[in-house]
Amino acid sequence: MNRPSPAGLLVALAFGIVFVVEGRTVLGMLGFELPLSVYFPVAGLLLVAMFVGLLLLPKTNSKQVAGT
């Protein structure tokens with residue numbers, strides 16, 4: 001998998017922020033009540049870990065042939 005472009009990272013960030021905000025609502029609907037002081041730091045760490053993982057993906061040359 002290639003590293004996403006800066007525009008791709010911004011799109012992923014936009015979806016990630018919406019997921020973090022709405023995730024607590026969904027958990028509440030399922031019966032899991034988490035305090036804000038626990039939920040947002042954990043969700044923020046997961047979001048940061050996702051972006052660090054995306055940034056660690058290798059850049060590949062367009063001249064490389066798939067499967068080699």
Side-chain angles (χ1 to χ4, degrees):
M1 181 174 173
N2 295 339
R3 184 185 306 173
S5 68
L9 285 174
L10 287 176
V11 170
L13 178 65
F15 280 107
I17 290 172
V18 171
F19 179 76
V20 166
V21 170
E22 295 297 330
R24 186 168 184 268
T25 303
V26 171
L27 287 174
M29 288 178 8
L30 295 174
F32 299 104
E33 292 295 328
L34 295 173
L36 291 176
S37 62
V38 173
Y39 176 75
F40 281 118
V42 170
L45 285 174
L46 290 174
L47 194 63
V48 168
M50 180 185 75
F51 278 98
V52 168
L54 286 174
L55 289 175
L56 290 177
L57 289 173
K59 286 185 178 179
T60 58
N61 292 334
S62 60
K63 295 180 182 178
Q64 283 184 329
V65 177
T68 59

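Just so it is clear, the structure is predicted and the values come from calculations on it, not from any experiment. Excluded from the calculations below are hydrogen atoms, water molecules and symmetry mates; all remaining heavy atoms, backbone and side chain alike, are included.
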Hydrophobic cluster of F15, others only, ordered by chain and residue number, side-chain cut-off 4.5 Å: V11

Using a 4.5 Å cut-off between side-chain heavy atoms of Ile, Leu, Val, Met, Phe, Trp and Tyr, which other residues end up in the same hydrophobic cluster as F19? none

Scan the side chains in residues 29-44 for donor-acceptor partners under 3.5 Å anywhere in the protein, sequence neighbours excluded, and list what turns up.
from	atom 1	to	atom 2	distance (Å)
Y39	OH	V20	O	2.7
Y39	OH	R24	N	3.2

Are L13 and L46 joined in one hydrophobic group, where the rule is that I, L, V, M, F, W and Y side chains link up if heavy atoms are under 4.5 Å apart? no

Please set out all donor-acceptor pairs under 3.5 angstrom arising from side-chain atoms of residues 48-58, sequence neighbours excluded.
none

